[in-house]
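Every number for a ligand or one of its atoms is a count from 1 in the order of the listing. Values below: all heavy atoms of this structure, side chains included; hydrogens, waters and symmetry mates excluded.
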Amino acid sequence: MRLLVTGGAGFMGSAFVRQAVARGYKVCVVDLLTYAGDTCRLEEVKERIAFYRTDIRDREGLEEVFRRERPQVLVHFAAESHVDRSILEPRAFLQTNVEGTLNLLELARRYPLQRIINVSTDEVYGELGEEGRFTEDSPLRPNSPYAVSKAAQDMLGRAYFRTYGLPVITVRPCNNYGPWQYPEKFIPVIIVRALRDEPVPLYGNGQNVREWLYVADCAEALLEVLEKGKEGETYNISSGIEKRNIEVARAVLDLLGKPHSLIKFVKDRPGHDFRYALDSRKIKKELGWKARTSFEEGLKQTVEWYQKNLEWVERKLRDLRKYWEKVYQGDP
Ligand code: NAD
Ligand code: DAU
C-alpha cells in the first residue's frame, strides 16, 4: 500500500515512517524541512522511501506529488507544532495548519484515497482542572493560537468526511517524547540544557500536568488506526502517564546525575493550559492498542539517545540559542 506522509521528516512523522517501512508499506514523504524538519531522522530508511521537499501551502507543488505518486493513504503530520512559537508569531500556524490541510483535503477530492489520517492533538479540548479526562466527544475549547489552528485542521477533516464523504479518521495524541525531538519542547530542553549545566526553565510554579507518550508507541497506535480504524471516527491516543512538569524535570535531572538546583522558575507561558488528560478507552477497546513503554523506560531511552547524539544537538544549538533568547527573554 502506498502512503503519503506529510511532515515525515519531523519528530513524530519520522518515527511513523520508520515503522511503516519496517511493516512493508511503500512510503512517500512530503516535508518542507522547516527549522523543525531534518532528513537525518530518515537516514535508516532513505533508500526505501521517496522524498519531496514540498510546502503543503503550495497547491501546485502538492498536486505534482499526488500526480506522480498516486498515494492510497494520506497520513498528515506536517504542521507548525510548538505552542510558544505560536504565541510569538501566530500567522504561520494558521497558514500551514489550516490552509495546508485545506490544500491536502481538496486534492483528496480529486485523487481518491482509501484513508486519510488527520493528526490533531489533545490541545484542541482546552484545559482541565485537577480532575477528569477528555473523551472524543468532549467539546473543543482550544486556548493557544497553535491549539486553535489544530482545532480548525481537525474540524476541516470532519467537514470533508461529512460533506464530501472523504475517508477521514482523526487522531488526537497526548504529549509525545523520545529520540529526535527538537529541543524547543520541554523534555529535550531539560536534557540539552542540563547536559551543559545550564539552568532548566520551568514555567510558572511547575505544577502544570501533561500526559506523556513514548513516540514509538504513538507511531504504533497510528498504524493500528490506519489498518483498523473506522472512517469518520476520532481516536484519542494516550498513555495514562500524567506528570507535573516539576516531576518531569526532577526525573530527567536524576537520570543525568545533575542537581535539582539547575531548575529555574521563569515567567509563565501566556494562557498556559493547566492540565491535559485523555480518556483513551475507545482505541483500546475498538482497535486493541495500548501504550507499552513505561515513563521510566521511555525517559531512560530518551536521555541515552541525546547523550549519544550530542553532535546532532550541537548543530541545532545556534538557532536554538536565538530562539531561547526570545522565548525566555534572557531568563534564564
Ligand atoms: P515537528 O515540528 O517535529 O515536525 C513537523 C514537520 O512538519 C517538520 O518536519 C516540518 O519541516 C514539517 N512542516 C512544517 N511546515 C510545513 C509545511 N508548510 N509544508 C510541509 N512540511 C511542513 O512536529 P511533531 O512534534 O512531529 O508533530 C507532528 C504532528 O503531530 C503535528 O501535526 C502536531 O500538531 C501533532 N502533535 C504533536 C504532539 C507532540 O507532542 N509533539 C502531540 C500531539 C499532536
Ligand atoms: O499535548 C500535545 C501537544 O504537546 C502537541 O500538540 C504540541 O505539538 C506539543 O508541542 C506539546 O505541547 P505542550 O505545550 O504541552 O509541550 P511543551 O513541550 O512545549 O511543554 C510541556 C509543558 O512544559 C507545558 O506545561 C509547558 C512546560 N514548559 C515547556 C518549556 C518548553 C516549561 O515549563 N518550560 C519550558 O521551557
Quiz prompt | Distance-only polar pair, side chains of Tyr35 and His82, donor-acceptor under 3.5 Å | solution = no
Here the side-chain hydrogen bond (donor to acceptor under 3.5 Å, both in side chains) pairs for residues 245-255, sequence neighbours left out, are Asp254-His260
of all protein heavy atoms, closest to atom 13 (P) of ligand 2 is Glu123 OE2, 3.4 Å
Within 4.0 Å of some non-hydrogen atom of Val83, the atoms of ligand 2 are 12 (O), 14 (O)
**Asn176 side chain to Cys174 backbone, donor-acceptor under 3.5 Å** = yes
Note: Lys150, heavy atoms under 4.0 Å from ligand 2, region reported as neither
Would the distance check show the side chain of Thr54 and the main-chain N or O of Val30 forming a donor-acceptor pair, the cut-off being under 3.5 Å? no
Next on the checklist: Could you tell me if Tyr125 and Asn236 have a donor-acceptor pair between their side chains, going purely by distance under 3.5 Å?
Outcome noted: yes
Using only heavy-atom distances, determine whether the side chains of Glu127 and Asn143 contain a donor-acceptor pair under 3.5 Å.
no
Are any of the N/O atoms on Ser81, whether in the backbone or the side chain, positioned under 3.5 angstrom from an N/O atom of ligand 2?
yes
ask   = Does any N/O atom on Ile187 come nearer than 3.5 Å to any N/O atom on ligand 2?
value = no
Is it possible for you to say whether Ile56 and Leu113 belong to one hydrophobic cluster, with membership spreading through side-chain heavy-atom contacts below 4.5 Å?
yes
Next on the checklist: A cation-pi test, strictly: NZ or CZ of Arg85 under 6.0 Å from the centre of the six-membered ring of Tyr323 and no more than 45 degrees from its axis. Yes or no?
Outcome noted: yes
Which protein N or O atoms sit under 3.5 Å from any N or O of ligand 1? Give atom names and distances.
unit_1: ligand 1; atom_1: 2 (O); unit_2: Ser81; atom_2: OG; d: 2.7
unit_1: ligand 1; atom_1: 3 (O); unit_2: Phe11; atom_2: N; d: 3.0
unit_1: ligand 1; atom_1: 9 (O); unit_2: Gly10; atom_2: N; d: 3.1
unit_1: ligand 1; atom_1: 9 (O); unit_2: Asp31; atom_2: OD1; d: 3.3
unit_1: ligand 1; atom_1: 9 (O); unit_2: Asp31; atom_2: OD2; d: 2.6
unit_1: ligand 1; atom_1: 11 (O); unit_2: Asp31; atom_2: OD1; d: 2.6
unit_1: ligand 1; atom_1: 11 (O); unit_2: Leu33; atom_2: N; d: 3.4
unit_1: ligand 1; atom_1: 11 (O); unit_2: Thr34; atom_2: N; d: 3.0
unit_1: ligand 1; atom_1: 11 (O); unit_2: Thr34; atom_2: OG1; d: 3.2
unit_1: ligand 1; atom_1: 18 (N); unit_2: Asp55; atom_2: OD1; d: 2.9
unit_1: ligand 1; atom_1: 18 (N); unit_2: Thr96; atom_2: OG1; d: 3.3
unit_1: ligand 1; atom_1: 19 (N); unit_2: Ile56; atom_2: N; d: 2.9
unit_1: ligand 1; atom_1: 21 (N); unit_2: Leu32; atom_2: N; d: 3.1
unit_1: ligand 1; atom_1: 23 (O); unit_2: Ser81; atom_2: OG; d: 3.2
unit_1: ligand 1; atom_1: 26 (O); unit_2: Phe11; atom_2: N; d: 3.3
unit_1: ligand 1; atom_1: 26 (O); unit_2: Met12; atom_2: N; d: 2.7
unit_1: ligand 1; atom_1: 32 (O); unit_2: Phe77; atom_2: O; d: 2.9
unit_1: ligand 1; atom_1: 32 (O); unit_2: Lys150; atom_2: NZ; d: 2.6
unit_1: ligand 1; atom_1: 34 (O); unit_2: Tyr146; atom_2: OH; d: 2.6
unit_1: ligand 1; atom_1: 34 (O); unit_2: Lys150; atom_2: NZ; d: 2.9
unit_1: ligand 1; atom_1: 40 (O); unit_2: Asn176; atom_2: N; d: 2.9

A student checking ligand 2 against Tyr276 at a 4.0 Å heavy-atom cut-off should list atoms 1 (O), 15 (O)
Would you check if the side chain of Thr6 reaches a backbone N or O of Phe77 as a donor-acceptor pair within less than 3.5 Å?
yes
Between Leu213 and Cys218, the two heavy atoms sitting closest are CD2-CB, 3.6 Å
Margin query: Regarding Tyr276 and Glu123, do their side chains bring together a donor and an acceptor under 3.5 Å, going by distance alone?
Written below: yes
In this structure, atom 34 (N) of ligand 2 is nearest to the protein heavy atom Pro201 O, 2.9 Å
Closest to atom 5 (C) of ligand 2 among protein heavy atoms sits Tyr146 OH, 3.5 Å
His82 heavy atoms within 4.0 Å reach ligand 2 at atoms 19 (O)
So the atoms of ligand 2 within less than 4.0 Å of a heavy atom of Glu184 turn out to be 31 (C)
min-distance protein heavy atom vs atom 14 (O) of ligand 2 -> Arg269 NH1, 2.6 Å
Handout entry: His272 near ligand 2 by a heavy-atom separation under 4.0 Å
Key = yes
Quick look: Lys185 vs ligand 2, heavy-atom contacts under 4.0 Å, and the answer is both
for atom 2 (C) of ligand 2, nearest protein heavy atom and its distance come out as Asp122 OD1, 3.0 Å
- Report yes or no: do Glu80 and Thr96 form a side-chain donor-acceptor pair below 3.5 Å? no
Going by distance only, is there an N or O of Asp84 that falls short of 3.5 Å from an N or O of ligand 2? no
- Message: Assess, by modelled atom type and distance only, whether the side chains of Ser280 and Lys290 contain a donor and an acceptor separated by less than 3.5 Å.
- Response: no
Item checked: Residue pair Glu69 / Tyr52, side-chain donor-acceptor N/O under 3.5 Å -> yes
**Item:** Between Asp84 and Tyr203: side-chain donor-acceptor atoms closer than 3.5 Å
**Value:** yes
- Task: Look at the aromatic rings of Trp180 and Trp305 and report parallel, tilted or perpendicular, splitting at 30° and 60°.
- Result: tilted
In ligand 2, the atoms that come under 4.0 Å of a heavy atom of Leu202 are 33 (O)
One finds that the ligand 2 atoms under 4.0 Å from a non-hydrogen atom of Asn245 are 22 (C), 23 (O), 24 (C), 25 (O), 27 (C)
for atom 29 (C) of ligand 2, nearest protein heavy atom and its distance come out as Tyr203 CE1, 3.5 Å
Atom 36 (O) of ligand 2 sits nearest the protein heavy atom Tyr328 OH, 2.6 Å
for atom 11 (C) of ligand 2, nearest protein heavy atom and its distance come out as Asn175 ND2, 3.5 Å
